[in-house]
Chemist: 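This structure is in structure tokens; I'll ask about it shortly.
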Amino acid sequence: MVSKTIDVGSIPTAPVMKKLFFIFLILIGFLTACGKEQPLLEAADYELNQSANTTRKGIGIGDTPEEFLAAYGDYDIETSIEYGPFEAIAPDEIPFTDSIRTILPTFFIDGLPATIEQICTENEIERTGLLSLLSSDEYLQNHTVVYHYMIFTWDDGVITDIHSEFMDYNEDASYYEDLEAEPMK
């Protein structure tokens, strides 16, 4: 009969295993918190319900900031104040009572939704270089690029207009190149 012995000193004890387990849980918590991504709208989310005059999430003309944020507060919202440039503003800081427009943008690269930040990070560019990248012949030869967006016009704290559009960069890249070349007014 063969007997085997185990070196008990090399087996972690219960308290050590508990500590390792808790360290593992904390690490997972940090990693998931740091990697928390914003949800992205799908192409179908940009289709407006013509009979009900609402978005796919039920938002329509006359709705309030609370209703809008309940439906879209977790998504990327860009805001234009008095027809200025769109900029990222925290949802709780958007001045809905002013004359503003909010936009829900999503780029679809090769059919997959992506945020502006994701595209910039993946391509190691600043936000100001986004239009140049997405309208370049080299990029468009290797990718399909479609930009979907919904614009909500606000006045006195209610939505006064909604429209949804898309731009296909592969079909109309020259338009965007011309747009970029125009001096800002």
Side-chain angles (χ1 to χ4, degrees), residues 27-48 55-57 59 65 68-154 159 161-185:
L27 266 171
I28 294 297
F30 281 134
L31 291 174
T32 56
C34 293
K36 185 179 178 188
E37 292 186 22
Q38 255 178 338
L40 297 170
L41 294 170
E42 299 293 325
D45 291 319
Y46 288 94
E47 296 174 13
L48 297 177
T55 68
R56 189 165 186 209
K57 294 189 178 284
I59 298 302
F68 175 79
L69 291 175
Y72 296 110
D74 291 334
Y75 297 93
D76 181 24
I77 302 170
E78 302 271 326
T79 305
S80 167
I81 300 170
E82 296 183 11
Y83 292 93
F86 283 98
E87 57 186 299
I89 298 177
D92 60 341
E93 295 177 12
I94 297 173
F96 287 106
T97 55
D98 292 350
S99 179
I100 65 167
R101 294 181 300 156
T102 54
I103 187 171
L104 297 169
T106 303
F107 280 95
F108 291 84
I109 309 295
D110 300 326
L112 299 174
T115 65
I116 292 170
E117 287 72 25
Q118 287 172 331
I119 298 167
C120 291
T121 300
E122 288 173 11
N123 292 283
E124 299 176 351
I125 61 169
E126 294 294 321
R127 189 178 176 127
T128 56
L130 185 66
L131 186 57
S132 294
L133 171 75
L134 297 180
S135 60
S136 73
D137 289 336
E138 180 182 349
Y139 193 81
L140 293 173
Q141 287 172 0
N142 297 309
H143 301 283
T144 59
V145 179
V146 179
Y147 178 54
H148 283 264
Y149 58 97
M150 259 188 300
I151 296 180
F152 299 81
T153 304
W154 296 83
I159 297 171
D161 186 42
I162 303 171
H163 68 275
S164 181
E165 297 179 9
F166 74 94
M167 295 184 274
D168 185 330
Y169 279 66
N170 294 82
E171 290 182 13
D172 301 319
S174 63
Y175 168 79
Y176 307 111
E177 289 169 355
D178 293 343
L179 185 65
E180 186 177 57
E182 285 182 20
M184 294 301 285
K185 298 175 184 174

Chemist: With rounding to the nearest 0.5 Å, note down the distance linking CD1 in Ile94 to CD1 in Ile77.
Modeler: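 Reported to 0.5 Å precision, the distance equals 4.5 Å.
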
Chemist: At what distance, to the nearest 0.5 angstrom, does CG of Leu133 lie from OG1 of Thr128?
Modeler: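 Between atom CG of Leu133 and atom OG1 of Thr128 there are 11.5 Å.
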
Chemist: Any chance you could lay out the side chain to side chain contact (heavy atoms under 4.5 Å, CB included) test for Trp154 and Ile159, step after step, and finish with the verdict?
Modeler: CA-CA 5 Å; Trp154 296 83; Ile159 297 171; 3.4 Å; yes

Chemist: Of all the heavy-atom pairs spanning His143 and Asn170, show the shortest one and how long it is.
Modeler: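 Scanning both residues, the minimum pair turns out to be O-ND2, 2.9 Å.
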
Chemist: Tell me, with the steps shown, if Leu130 and Phe107 meet side chain to side chain contact (heavy atoms under 4.5 Å, CB included).
Modeler: CA-CA 11 Å; Leu130 185 66; Phe107 280 95; 3.9 Å; yes

Chemist: Please report the shortest heavy-atom distance between Ile119 and Asn123, naming the atom on each side.
Modeler: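 Result for this residue pair: O-ND2, 2.8 Å.
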
Chemist: If you measure only the distance, is there a donor-acceptor pair under 3.5 Å linking the side chains of Tyr72 and Thr102?
Modeler: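 Looking only at side-chain atoms, Thr102 and Tyr72 do not form any donor-acceptor pair under 3.5 Å.
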
Chemist: For residues Leu104 and Asp45, determine if any side-chain heavy atom of one lies less than 4.5 Å from a side-chain heavy atom of the other.
Modeler: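 Of all side-chain heavy-atom pairs linking Asp45 with Leu104, none is under 4.5 Å.
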
Chemist: Under a 4.5 Å cut-off applied to non-hydrogen side-chain atoms, are Ser164 and Glu47 in contact?
Modeler: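 With C-beta onward as the side chain, the pair stays apart.
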
Chemist: For Tyr149, check side-chain hydrogen bond (donor to acceptor under 3.5 Å, both in side chains) against everything at least two apart and list the hits.
Modeler: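 For Tyr149 the side-chain hydrogen bond (donor to acceptor under 3.5 Å, both in side chains) partners, ignoring immediate neighbours, are Glu165.
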
Chemist: Would Thr55 and Met150 count as a side chain to side chain contact (heavy atoms under 4.5 Å, CB included) here? Give the steps.
Modeler: CA-CA 9 Å; Thr55 68; Met150 259 188 300; 3.6 Å; yes

Chemist: Are Pro95 and Ile100 close enough that some pair of their side-chain heavy atoms sits under 4.5 Å apart?
Modeler: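 Yes, close enough: below the 4.5 Å cut-off.
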
Chemist: Nearest 0.5 angstrom please: His163 NE2 to Ile151 CD1, how far?
Modeler: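 Interatomic distance, His163 NE2 to Ile151 CD1, rounded to 0.5 Å: 4.0 Å.
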
Chemist: Over all heavy atoms of both residues, which pair between Ala71 and Lys57 is shortest? Give the atoms and the distance, please.
Modeler: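 In this case the closest contact between Ala71 and Lys57 is O-CD, 3.4 Å.
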
Chemist: Could you check Tyr147, Tyr75, Tyr46 and say which one makes a side chain to side chain donor-acceptor pair (under 3.5 Å) with Thr106?
Modeler: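 The side chain to side chain donor-acceptor pair (under 3.5 Å) with Thr106 is passed solely by Tyr46 among Tyr147, Tyr75, Tyr46.
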
Chemist: Give, for atom CG of Asp168 and atom NE2 of His148, the distance between the pair rounded to the nearest 0.5 Å.
Modeler: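 So the CG of Asp168 and the NE2 of His148 are separated by 8.5 Å.
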
Chemist: With the threshold set at 4.0 Å, does a side-chain nitrogen-carboxylate oxygen contact exist between Glu78 and Arg101?
Modeler: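 No salt bridge links Glu78 with Arg101.
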
Chemist: Do you know the tightest heavy-atom contact between Thr153 and Tyr83?
Modeler: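 In terms of heavy atoms, the two residues are closest at CG2-OH, 4.5 Å.
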
Chemist: Restricting to non-hydrogen atoms, name the atom on Ile109 and the atom on Ala114 that form the minimum distance, rounded to 0.1 Å.
Modeler: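 Closest approach of Ile109 to Ala114: CG1-CB, 4.4 Å.
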
Chemist: Could you state the interatomic distance from CG (Leu41) to CG (Asp74), rounded to the nearest 0.5 Å?
Modeler: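 Interatomic distance, Leu41 CG to Asp74 CG, rounded to 0.5 Å: 10.5 Å.
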
Chemist: Measuring from Ser80:OG to Ile89:CD1, what's the distance to the nearest 0.5 Å?
Modeler: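 One finds 9.0 Å between OG of Ser80 and CD1 of Ile89.
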
Chemist: At their closest point, which heavy atom of Pro91 faces which heavy atom of Phe96, and how far apart are they?
Modeler: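 Between these two residues, the closest heavy atoms are O-CE1, 4.0 Å.
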
Chemist: Decide yes or no for Leu40 and Gln118: does some side-chain heavy atom of the first lie under 4.5 Å from some side-chain heavy atom of the second?
Modeler: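 Yes. Closest side-chain heavy atoms under 4.5 Å.
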
Chemist: For Phe152 and Phe68, what are the C-alpha separation, side-chain angles and deciding distance, and is it a ring pair (Phe, Tyr, Trp, His ring centres under 6.0 Å)?
Modeler: CA-CA 10 Å; Phe152 299 81; Phe68 175 79; 4.9 Å; yes

